[in-house]
Every structure is written in C-alpha cells, then in structure tokens.
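See below for the structure under consideration.
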Amino acid sequence: MSRVEGPFVEGLRCRECARTYPAEALHVCDFCFGPLEVSYDYEAIASSISREKIAAGPLTIWRYADLLPAQPTAPVDLGAGFTPLVRAERLAAELGLGELWIKNDTLNPTGSFKDRVVSVALTKARELGFKVAACASTGNLANSVAAHAAHSGMESYVFIPHDLEAGKVVTTAVYGGHLIAVDGNYDDVNRLCAELASEQPTWAFVNVNVRTYYAEGSKTLAFEVAEQLGWQAPDHVVVPIASGSQLTKIHKGFSELAKVGLLDEEPSVRISGAQAQGCSPVATAFHDGVDFIKPQRPSTIAKSLAIGNPADGYYALDVVRSTGGSIGSVTDDEIVDGIRLLARTEGIFAETAGGVTIATLAKLAAEGVVRPDERVVAYVTGLGLKTIEAVSPFVGPTATIAPTLDAFNEVLEAEENAN
Ligand SMILES: *Cc1c(COP(=O)(O)O)cnc(C)c1O
Ligand SMILES: [Zn+2]
C-alpha cells in the first residue's frame with residue numbers, strides 16, 4: 001500500500017509503549033499489541049489553523065481538516081457533521097439542571113454519528129489504495145459504510161449480527177453492497193472480521209485495520225461543540241459507550257483545541273459515560289473500582305451499544321476517572337422513558353442509544369453527579385426512526401374516530417373532562 005500522509009500527521013504511536021510507526025494501515029503495536037494512535041505536529045497545526053479559517057470552511061467535519069488524519073482535497077463526504085447544538089431548557093427544567101445542551105447527531109446523512117468516523121476512515125482508505133470498504137457493525141456503522149461506499153464507488157462488505165432491528169437492515173441493504181448477517185452477537189461478528197482482515201489485506205475494515213484513522217473522526221464531536229458554544233468548552237459531557245472509542249476521542253478533541261490555540265486555556269471537561277444495564281462492562285468496572293473490563297454477553301434493546309468486550313473500554317474508564325466523571329447504566333424500561341422524555345420535552349426523536357444517554361443523564365442529575373451549576377452537553381448519537389420497535393408498543397394515536405365533527409367533539413369533551 002502506498003503511503004500518503006494527512007496534512008499534519010507525524011505518524012502512529014503505540015498508546016502503551018510509545019513506539020512509533022508510519023501512517024499506514026496498522027492498528028496494533030508489533031511489540032506489545034497496544035492500540036495505535038495518530039500523532040500530529042501540533043506546532044505546525046497551531047500556525048495553520050484559526051477560528052476564522054474554520055469558519056470559512058465547509059459546514060461538515062472537514063472544516064477541521066487540519067486536525068484530521070486524511071487529505072481533505074477529495075474526501076469521501078456525504079455531509080457528515082456540523083449538526084445542531086440545541087439548548088434544552090424544557091428537559092433541563094425536568095431534570096433540575098441549569099444550562100443543558102443536546103448535540104443532535106441524529107441529523108447526520110445516515111442518521112448517526114458513525115458518518116463522522118466513516119467519512120474519515122474511507123477517505124484515508126482510498127488514499128492508502130483500498131478498493132473495498134468493510135466493517136463489523138452493531139447497525140449504525142453498517143448504514144454509514146454502505147452509504148459512503150456507494151457514494152464513492154467502492155465495493156462494500158458489511159457484517160452484522162443476524163438479529164438487528166429491521167430499520168437498520170433495510171437502511172443498509174438499500175445501498176446495494178454486500179450485507180452479511182452472521183448467526184452470532186456483535187463480539188462474534190467482530191472476531192470474524194478480525195480474522196477476515198488478515199485474510200483479505202486489500203479490504204479496509206473501517207473498525208479493524210483502519211480503526212486508528214476511523215476513531216479520529218469522533219474528535220469532531222468536541223470541536224463542533226466548542227465552536228458552537230463560541231469557542232468555549234462545556235463543564236460536563238455525557239457520552240454513550242459501546243467500544244468506548246467515541247468517549248476517548250471527545251476527550252482528545254477538547255485537549256487538542258487548547259494545544260493548537262483555539263481555546264484560551266486547557267479545558268477541564270468532566271466526561272461521563274452511559275451504558276445499558278444489559279451490556280454494561282465499562283460501567284461495572286467503574287463501580288467496582290477495577291481496571292479490568294470483564295466481558296459480558298449483551299441482552300438489551302440498545303443494540304447499537306451492545307458490545308460485550310469493548311476494545312477501548314479500558315481507555316474510556318481512564319478518561320472518566322481522570323476527568324472526575326462517572327458512568328451510569330440504565331434498564332430497558334428507563335431507555336424507553338429516556339427516548340420519550342427527550343421527544344416530549346425537546347422534539348428530538350432518538351434511537352435507543354439516545355435513550356441510554358438521556359436516562360443516564362437523568363440518573364446522574366438525580367445523584368448530584370451532573371450539577372445545575374455546570375454547562376452540560378448530552379451527545380444524542382442516533383435517529384429514532386431506525387429503532388421504532390423500542391417505542392411502538394407504548395405510543396400511538398391518542399384517539400381513533402369516525403370522520404365527523406361530532407366524533408371529534410366527543411373526544412375533545414372527554415379530554416377536557418379528564419383534565
Ligand atoms: C456506535 C455507536 C455509539 C458508540 O460508539 P463507540 O465509539 O463504539 O463507543 C454510540 N451511539 C450510537 C448511536 C452508535 O451507533
Ligand atoms: Zn507498543
């Protein structure tokens with residue numbers, strides 16, 4: 001594979017032993033098997049980047065190209081990023097919080113934050129000469145890889161657990177790539193893809209052999225929030241955890257902004273995590289006060305977060321502990337309540353992962369961990385239309401009537417009497 005650097009990429013560095021590697025399709029250290037991380041020339045970035053240059057850029061993640069690991073000249077781009085940051089006064093009032101914001105990442109091209117990571121991963125994959133896009137997915141990544149591959153003319157192989165929500169299967173299959181349903185859970189699918197990645201060296205598995213680049217896309221969740229707050233960092237953010245990658249990269253994103261001079265001081269953002277109780281390996285380790293993440297067999301309606309053996313769990317735990325955050329977990333019933341609460345108070349319909357975030361936010365607020373004097377951002381990462389089976393048993397028409405005025409007036413009267 002040829003070697004093409006991102007604009008300011010120095011190379012890759014092992015997170016454990018700090019050995020360095022060229023910016024190729026590598027993801028683990030040859031010596032200690034630690035994960036690799038992209039390293040940048042921050043001094044050069046600081047002299048290139050500015051708030052004005054960013055403001056003049058595209059309304060996508062590519063406005064932060066100086067801090068991304070791929071060349072922005074011909075990105076694989078469906079318009080991911082620059083999603084609304086919505087002030088949530090009504091939700092804040094219900095939860096007893098003060099300044100609360102929702103980062104509404106349901107409004108990405110395929111309805112989840114995965115479009116950010118896939119746009120970066122496939123741009124890099126194309127630079128490196130890969131022709132086939134592939135992934136192991138809990139659902140949203142499948143949608144996003146299939147769509148971005150279709151847009152860029154790459155062939156795609158997408159691997160999913162066989163029991164995903166219909167909304168996620170259809171919204172992947174429609175793009176016309178290869179969609180392989182595997183008789184197993186996500187961790188089985190991921191193991192299969194790790195084996196396949198060595199069998200098929202010309203395939204870019206976005207979350208396996210190009211994972212190092214993929215993960216960097218999540219930093220834009222921090223960049224955008226800071227820019228949308230007028231180049232200020234929030235005090236506390238709540239982030240859903242599947243593999244834990246997104247949470248660690250939001251942390252990296254905020255500290256990079258200070259490193260390159262876009263924030264006036266080193267931000268101290270408390271980072272809290274959210275998991276479903278039916279798949280809560282990182283929350284469990286947090287509460288047990290241990291470093292070791294014991295794998296679980298997932299059983300939850302939050303399928304997009306159902307990773308029982310999270311690749312970045314250890315690092316997510318470390319970020320949460322070092323920033324003074326917490327990790328909460330919520331039941332399936334609480335997830336449904338969280339989805340409905342966000343919809344009812346803010347007009348935003350999230351998928352189950354969003355329900356996990358909002359229900360966990362409610363719990364942490366009730367415990368006094370998320371405080372009313374903090375400026376808080378909750379990351380709502382996926383669209384409710386893809387998981388309607390989670391709420392469809394609980395909502396429907398408030399009345400069904402004959403097409404007459406009388407029939408409707410009866411309903412009105414009954415409702416008035418009930419109040
Ligand atoms: C994948 C996913 C996450 C979590 O991502 P990780 O980086 O694996 O922790 C959160 N929300 C949604 C909607 C997702 O699809
Ligand atoms: Zn190493």
Side-chain angles (χ1 to χ4, degrees), residues 12-21 26-37 83 103-108 110-118 121 135-145 160 164-165 167-168 171-172 186-187 190 206-207 211 214-219 221 238-253 271 273-276 279-283 293 301-317 319-320 327 335 339 350-358 360 378-387 390:
L12 305 180
R13 188 167 44 223
C14 174
R15 274 199 268 189
E16 292 300 325
C17 74
R19 267 196 179 77
T20 57
Y21 295 85
L26 305 166
H27 67 294
V28 284
C29 176
D30 288 342
F31 290 88
C32 76
F33 300 105
L36 302 182
E37 171 106 14
T83 56
K103 182 59 169 164
N104 184 4
D105 241 30
T106 71
L107 291 177
N108 275 305
T110 74
S112 86
F113 98 97
K114 291 293 197 306
D115 291 327
R116 299 172 181 275
V117 283
V118 168
C135 70
S137 174
T138 57
N140 286 314
L141 189 60
N143 293 171
S144 188
V145 166
I160 53 171
L164 278 192
E165 300 94 341
K168 290 198 176 145
T171 55
T172 302
Y186 173 82
D187 297 289
N190 195 39
V206 300
N207 56 340
R211 183 178 181 83
Y214 155 99
E216 292 287 292
S218 286
K219 295 187 307 190
L221 284 162
V238 180
V239 184
I241 298 176
S243 72
S245 170
Q246 177 186 180
L247 184 145
T248 64
K249 294 297 173 168
I250 286 174
H251 177 63
K252 184 180 182 187
I271 304 199
Q275 293 208 293
C279 184
S280 50
V282 191
I293 311 254
I301 58 167
K303 295 184 186 195
S304 57
L305 302 181
I307 299 185
N309 188 11
D312 291 286
Y314 169 82
Y315 299 99
L317 199 56
V319 163
V320 169
I327 307 180
I335 294 168
I339 293 173
E351 70 140 88
T352 46
V356 169
T357 300
I358 298 302
T360 300
Y379 285 94
V380 171
T381 47
L383 179 65
L385 289 175
K386 292 201 248 180
T387 63

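Just follow the structure's listing: the first ligand is 1, and inside any ligand the first atom is 1. Since we're looking at a predicted model, the values are computed, not measured.
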Does K249 come within less than 4.0 Å of D312, counting only side-chain N to carboxylate O? no

Salt bridge check: are K303 and E351 linked by an N-O gap of less than 4.0 Å? no

Have a look at the Zn ion (ligand 2) and estimate, to 10 degrees, the angle subtended by SG (C17) and SG (C32). 120°

Return yes if a side-chain donor-acceptor contact under 3.5 Å exists between D115 and T110, otherwise no. yes

Which pair of non-hydrogen atoms, one from T360 and one from A274, has the smallest distance, and what is that distance? OG1-CB, 3.4 Å

Neighbour list for ligand 1 [protein residues, heavy atom under 4.0 Å]: F113, K114, N140, P240, I241, A242, S243, G244, S245, Q246, S304, L305, E351, A353, T381, G382

Work out which heavy atom in R13 is nearest to a heavy atom in A18; give both atom names and the distance. CG-O, 3.5 Å

Could you tell me if T83 and R116 have a donor-acceptor pair between their side chains, going purely by distance under 3.5 Å? yes

